[in-house]
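Just so you know, these numbers use all the heavy atoms, side chains as well, and skip hydrogens, waters and symmetry mates. Within every chain, numbering begins at 1; the chains are lettered A, B, ... in the order of the sequence lines, protein sequences first and strands thereafter.
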There are 2 protein chains.
Amino acid sequence: MKKTRLEIEEAVPALKLLGDKARLTILGMLKNGECCVCEFTEVLEMSQPSVSQHLRKLRDAKIVKEDRRGQWVFYSLNESYEAYDLVLGVIDHVSDQSEKIAELERQGKRIECK
Amino acid sequence: MKKTRLEIEEAVPALKLLGDKARLTILGMLKNGECCVCEFTEVLEMSQPSVSQHLRKLRDAKIVKEDRRGQWVFYSLNESYEAYDLVLGVIDHVSDQSEKIAELERQGKRIECK
DNA sequence: TACTTATATAATTATATGATTATATAATGG
DNA sequence: CCATTATATAATCATATAATTATATAAGTA
């Protein structure tokens with residue numbers, strides 16, 4: 001794991017955002033690559049506006065970046081984020097979320113976004 | 001760095017507590033060994049009750065443990081905490097707080113606790 | 001153009017959080 | 001026992017946060 005040292009003031013906003021079930025799950029999903037918004041709403045079983053607002057916070061903080069492709073918006077981890085190493089480190093400590101995405105795949109719910 | 005995988009539900013409460021300037025500083029200070037409450041209040045420049053309440057949260061969550069010695073209470077990281085590896089990992093990403101303790105030492109403000 | 005799907009935003013409201021002030025407890029020294 | 005020092009707790013209040021509902025935007029399609 002990398003050793004980029006952050007000032008407390010830089011780390012706190014990132015950690016504040018990580019300390020939420022929805023957002024930590026989102027980031028866990030993104031560890032395996034980009035996801036589209038509809039996948040988050042499926043996995044999180046939350047309303048679309050709620051997911052959208054969590055994404056906005058992560059986006060405003062530069063933790064994730066978005067990429068609109070037609071109707072869909074895909075999110076991914078922003079490797080240029082100052083606390084990227086910290087975020088990755090934390091994600092590495094939580095259980096893999098890829099199973100949840102695989103589950104979507106099985107249910108054919110991932111196709112819709114592609 | 002260790003690889004204890006936590007469920008999202010276990011990691012979130014820890015991260016919530018880490019996402020605060022006072023508490024993250026406290027944990028950064030504890031990385032170098034135990035500290036007594038008066039040291040936290042000095043370094044953080046916060047009121048004693050405020051510090052005490054942050055310590056309570058960390059204690060309730062089992063992130064730190066306390067050890068009363070006479071008039072003073074010393075805190076240290078709880079190595080048995082389920083998310084200890086996560087906490088250590090995060091602390092390793094923030095700048096060293098030992099300088100602040102050294103500064104106390106220079107000002108003779110650390111002696112009072114010993 | 002109208003309709004649909006995907007996503008974002010805004011307003012509202014309920015709950016959580018943190019700081020302050022006052023007070024309580026616990027240990028120590030006269 | 002009383003006073004002092006260190007720490008904890010409780011009550012209050014202001015602010016932050018998250019979910020919901022309604023609405024807006026943006027892209028695709030008939």
Side-chain angles (χ1 to χ4, degrees), chain A residues 8-9 12-27 29-30 34-61 63-76 104 108-114, chain B residues 8-9 12-27 29-30 34-61 63-76 104 108-114:
Chain A
I8 298 277
E9 287 76 9
V12 162
L15 292 167
K16 244 188 243 282
L17 291 174
L18 293 174
D20 174 273
K21 181 175 175 175
R23 291 189 295 261
L24 190 59
T25 306
I26 287 172
L27 295 173
M29 289 169 70
L30 292 181
E34 62 177 17
C35 292
C36 108
V37 178
C38 62
E39 294 174 320
F40 298 132
T41 54
E42 278 293 337
V43 168
L44 296 171
E45 294 178 298
M46 302 177 77
S47 71
Q48 176 269 317
S50 193
V51 169
S52 193
Q53 299 195 67
H54 284 298
L55 288 169
R56 170 141 80 140
K57 287 183 184 184
L58 292 171
R59 187 162 23 92
D60 286 351
I63 296 180
V64 302
K65 46 188 192 187
E66 66 174 353
D67 178 27
R68 178 176 276 273
R69 288 186 222 137
Q71 227 169 343
W72 299 286
V73 179
F74 289 81
Y75 281 87
S76 57
L104 283 187
K109 284 180 178 165
R110 206 166 188 230
I111 314 301
E112 301 164 36
C113 295
K114 289 291 163 62
Chain B
I8 298 275
E9 287 76 9
V12 163
L15 292 167
K16 244 188 243 282
L17 292 174
L18 294 174
D20 174 273
K21 181 174 176 176
R23 290 189 297 260
L24 191 58
T25 304
I26 287 173
L27 295 173
M29 289 169 71
L30 292 181
E34 63 177 16
C35 292
C36 108
V37 178
C38 61
E39 294 174 320
F40 298 132
T41 54
E42 277 294 338
V43 168
L44 296 170
E45 294 178 297
M46 301 176 77
S47 71
Q48 175 270 318
S50 193
V51 169
S52 194
Q53 299 195 67
H54 284 298
L55 288 169
R56 170 140 80 139
K57 288 183 185 184
L58 293 172
R59 187 162 24 94
D60 286 351
I63 296 180
V64 302
K65 46 188 193 189
E66 64 173 355
D67 178 27
R68 179 177 274 272
R69 287 187 222 138
Q71 228 169 342
W72 300 285
V73 178
F74 290 81
Y75 282 86
S76 57
L104 283 188
K109 284 180 177 165
R110 204 163 190 232
I111 314 301
E112 301 165 35
C113 296
K114 287 292 165 61

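Minimum interatomic distance between B:M46 and B:V51 (heavy atoms only, all atoms of both residues): CB-CG2, 4.0 Å. Of all heavy-atom pairs between A:L15 and B:G19, the closest is CB-CA, 3.7 Å. Closest heavy-atom contact between A:R23 and A:K16: NH2-O, 3.6 Å.
At whole-Å resolution of the value, CG in B:L55 and C1' in D:dT9 are 13 Å apart. The CG atom of A:D60 sits 11 Å away from the P atom of C:dA10 (whole-angstrom rounding). If you take CD1 of A:I26 and P of C:dT7, they are 12 Å apart, rounded to a whole angstrom. With rounding to whole Å, B:L58 atom CG is found 13 Å from C:dT17 atom P. Nucleotide C:dT7 holds its C1' atom 6 Å from the CZ atom of A:R68, rounded to whole Å. A straight line from NZ of A:K57 to C1' of C:dA8 spans 15 Å, rounded to a whole angstrom. Rounded to a whole Å, the CG atom of A:L44 is 13 Å from the P atom of D:dA18.
To the nearest 0.5 Å, the span separating CD1 on A:I63 from NZ on A:K57 amounts to 11.5 Å. The SG atom of B:C38 lies 8.5 Å from the CH2 atom of B:W72; values are rounded to the nearest 0.5 Å.
Across C:dA8, C:dA19, C:dT9, the shortest atom-to-atom separation from the side chain of B:Q53 is found for C:dA19. The side chain of B:V73 sits closest to D:dT7 out of D:dT9, D:dT7, C:dT7. Counting only heavy atoms from C-beta on, B:P49 has its side chain closest to D:dT9 among C:dT7, D:dT9, D:dA22.
Within the structure, a side-chain polar atom (N or O) of A:R56 is placed less than 4.0 Å from OP1 or OP2 of C:dT9. Checking the phosphate oxygens (OP1, OP2) of C:dT9, a side-chain nitrogen or oxygen of A:R59 falls inside 4.0 Å. Contact check, B:S50 against C:dG18: no side-chain N or O comes under 4.0 Å of OP1 or OP2. For the OP1/OP2 pair of C:dA8 and a distance below 4.0 Å, the side-chain nitrogens and oxygens of A:Y75 include at least one atom meeting the criterion. Contact check, A:S47 against D:dA19: no side-chain N or O comes under 4.0 Å of OP1 or OP2. Between D:dT17 and A:H54, no contact under 4.0 Å exists linking OP1 or OP2 to a side-chain N or O.
Place A:E66 and A:Q71 on DNA chain C by their nearest nucleotides, and A:Q71 ends up nearer the 5' end.
For DNA chain C, the neighbouring residues in residues 14-24 of chain B, judged by any heavy atom under 4.0 Å, are B:K16, B:D20, B:R23.
Between B:L27 and B:Y75 the shortest side-chain heavy-atom distance does not fall below 4.5 Å.
Looking only at distances, no side-chain donor or acceptor of B:Q53 sits under 3.5 Å from a matching main-chain atom of B:S50.
Put simply, the side chain of B:Q48 and the base of D:dA6 share no donor and acceptor less than 3.5 Å apart.
Every side-chain contact (heavy atoms from CB on, under 4.5 Å) that B:R68 has, sequence neighbours left out, goes to B:V73.
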